[in-house]
Amino acid sequence: MKAAPVIGALAALGHEQRIVHTGQHYDERMSEVFFVQLALPRPDVNLGVGSGSHARQTAEIMVGMEREFGENPPALAVVYGDVNSTLAAALAGAKLGVPLAHVEAGLRSFDDTMPEEINRRLTDQLCALMFATSPEAVGYLAREGRPVSAVHLVGNPMIDTLLAHLDRFDVAAARAAAGLPGRYVVATLHRPSNVDDPQAAAALVQALHEVADELDLIIPLHPRGRAALQAAGLDAHPRLHVRDPLGYLEFMALVKGASAVITDSGGVQEETTLLRVPCLTLRPNTEWTETVENGWNQLVDLDSERALEALERKPPSERPPLYGDGHAGERVVEALTLLAHD
């Protein structure tokens, strides 16, 4: 979702590009379907890394990217977000002298227990160009000593993707396919702090069951944490609907029609804010601080009472104009093109 607007804008200007799919997200419903639904060109190479520990994933991606950079030296490599693929590609490129650009630079939760925070900070230190989603992100990069001339405030390409496909989110069809009533809650859970520990997983499952006592709850279940959550009895409640991961269009249609979303995902916090759907984030902090400050997102330790209270509260009357106007990808490519001409 982050890459599609940049890839499309590069193609529109006739720039030659190679797309590397690391295979970090390897389930068909979490990778292949996105290429189809977002009309992305097929990757030129798939490293096929798959799941594993942080060290193994990062190391295997570095080996694969070192080979790719050696066989097909690029004028510039663009990395996205904050996953292990982001940092691994940046490290491999930096050691080979490949100029690097980071899309979604400058986000900070200031929680070094999050692997994503480590990935974000290190990647930004390695990149020659940084594309920020918000003024706050620009400020954080300045505080860390990154050159002002290297930082560009472009907005959020993930929001480009959402706006471009907004008319394709068929709420009624998605709700019917999932067997949901008119009012329901969507949940997404995958962070290690929430799902890897059996005690934490059991507490989450109990709270989700209590929410499902009041409203149907659907959870498309990420492979991470599936075993722990199901061992804790996640799918034992008749109004809690456990599903395999969904495609982008199907998932966003469910989010658009939801009474609320319960999540530990970063991206969902942005999307719910734009769609004006109340969001409960199961984390003590967030890199998307603007969503909290503007009232559409609450940071909570999940218990059913907090969740049900949030479902009844009135969200702000207006959605704040966060993350740009749907043209972030074009701004990224404009900056890349200027660099190439220089």
Side-chain angles (χ1 to χ4, degrees), residues 1-2 24-25 51-58 61 79-91 102-127 130-146 151 156 158 187-204 207 222 224-225 228-229 261-273 278-303 306-307 310 322-323:
M1 295 85 73
K2 298 167 188 174
Q24 178 174 343
H25 294 300
S51 63
S53 70
H54 289 285
R56 191 187 72 77
Q57 251 189 1
T58 304
I61 295 167
V79 298
Y80 299 85
D82 55 18
V83 294
N84 289 338
S85 296
T86 313
L87 177 60
L91 283 167
H102 185 200
V103 172
E104 207 179 76
L107 294 181
R108 298 292 181 266
S109 67
F110 302 100
D111 180 357
D112 287 342
T113 67
M114 290 178 59
E116 295 88 348
E117 182 75 358
I118 304 300
N119 293 342
R120 287 190 285 261
R121 286 179 178 274
L122 294 179
T123 298
D124 284 337
Q125 290 298 316
L126 297 172
C127 286
M130 287 148 281
F131 297 107
T133 60
S134 68
E136 289 82 359
V138 173
Y140 294 145
L141 290 167
R143 282 169 49 182
E144 292 169 10
R146 305 306 292 136
V151 178
N156 191 335
M158 214 168 156
T188 69
L189 299 169
H190 70 276
R191 290 195 180 274
S193 58
N194 285 329
V195 301
D196 282 3
D197 176 75
Q199 275 191 312
L204 277 177
H222 193 291
R224 163 168 281 287
L229 290 170
V261 172
I262 297 170
T263 189
D264 58 11
S265 165
V268 174
Q269 297 171 55
E270 312 157 67
E271 291 159 335
T272 51
T273 297
C279 182
L280 303 179
T281 297
L282 308 183
R283 289 165 47 186
N285 48 57
T286 179
E287 58 277 19
W288 300 105
T289 54
E290 307 90 348
T291 63
V292 176
E293 292 165 359
N294 283 282
W296 286 96
N297 186 16
Q298 287 182 278
L299 302 179
V300 299
D301 292 323
L302 180 62
D303 63 65
R306 289 287 299 277
L322 295 178
Y323 309 132

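Note that the structure is a prediction, hence the values are computed from the model and not measured.
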Any donor and acceptor pair, going by atom type alone, linking the side chain of [X] with main-chain N or O of [Y] inside 3.5 Å?
X	Y	value
Asn294	Trp296	no
Thr86	Tyr80	yes
Arg191	Asp264	yes
Glu117	Phe110	yes

Please name the pair of heavy atoms, one in [X] and one in [Y], separated by the smallest distance, quoted to 0.1 Å.
X	Y	value
Ile61	Ser85	CD1-OG, 3.4 Å
Ser109	Arg120	OG-NH2, 3.5 Å
Pro115	Thr113	CD-O, 3.5 Å
His102	Gly81	NE2-O, 2.7 Å
Ala89	Val79	CB-CG1, 3.8 Å
Ala137	Ala132	CB-CB, 3.9 Å

Problem - pair Glu116-Glu287: side-chain heavy atoms closer than 4.5 Å - result: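 No. Closest side-chain heavy atoms not under 4.5 Å.
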
Supply the atom-to-atom distance [X] [atom1] to [Y] [atom2], rounded to the nearest 0.5 angstrom.
X	Y	atom1	atom2	value
Glu293	Thr286	CD	OG1	10.5 Å
Thr281	Trp288	OG1	CH2	12.0 Å
Leu107	Asn119	CG	CG	12.5 Å
Glu271	Ser265	CD	OG	7.5 Å

Exercise for the section: Please test Ser134 against Glu290 for side-chain hydrogen bond (donor to acceptor under 3.5 Å, both in side chains), starting from the C-alpha separation and ending with a verdict. Expected result: CA-CA 9 Å; Ser134 68; Glu290 307 90 348; 2.9 Å; yes

Handout entry: Ile118: which of Asn84, Thr123, Asp112, Asp82 passes side-chain contact (heavy atoms from CB on, under 4.5 Å)
Key =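 Among Asn84, Thr123, Asp112, Asp82, the one that satisfies the side-chain contact (heavy atoms from CB on, under 4.5 Å) with Ile118 is Asp112.
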
Exercise for the section: Using a strict cut-off of less than 4.0 Å between a Lys/Arg side-chain nitrogen and an Asp/Glu carboxylate oxygen, indicate whether Asp124 and Arg108 qualify as a salt bridge. Expected result: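 Answer for the salt bridge query: yes.
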
Practice task
Decide, yes or no, whether a salt bridge links Glu144 with Arg121 under the criterion of side-chain N to carboxylate O below 4.0 Å.
Solution key: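 Looking at Arg121 together with Glu144, the answer is yes, because their closest N to O distance falls below 4.0 Å.
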
Exercise for the section: State, without any angle test, whether Thr263 and Thr188 hold a side-chain donor-acceptor pair at a distance under 3.5 Å. Expected result: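 There is such a pair between these side chains.
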
Problem - Flag for Glu104-Asn156: side-chain donor and acceptor within less than 3.5 Å - result: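 Distance-only check fails for Asn156 and Glu104.
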
Handout entry: Verdict with reasoning, Asn297 to Thr291, per side-chain hydrogen bond (donor to acceptor under 3.5 Å, both in side chains)
Key = CA-CA 5 Å; Asn297 186 16; Thr291 63; 3.0 Å; yes

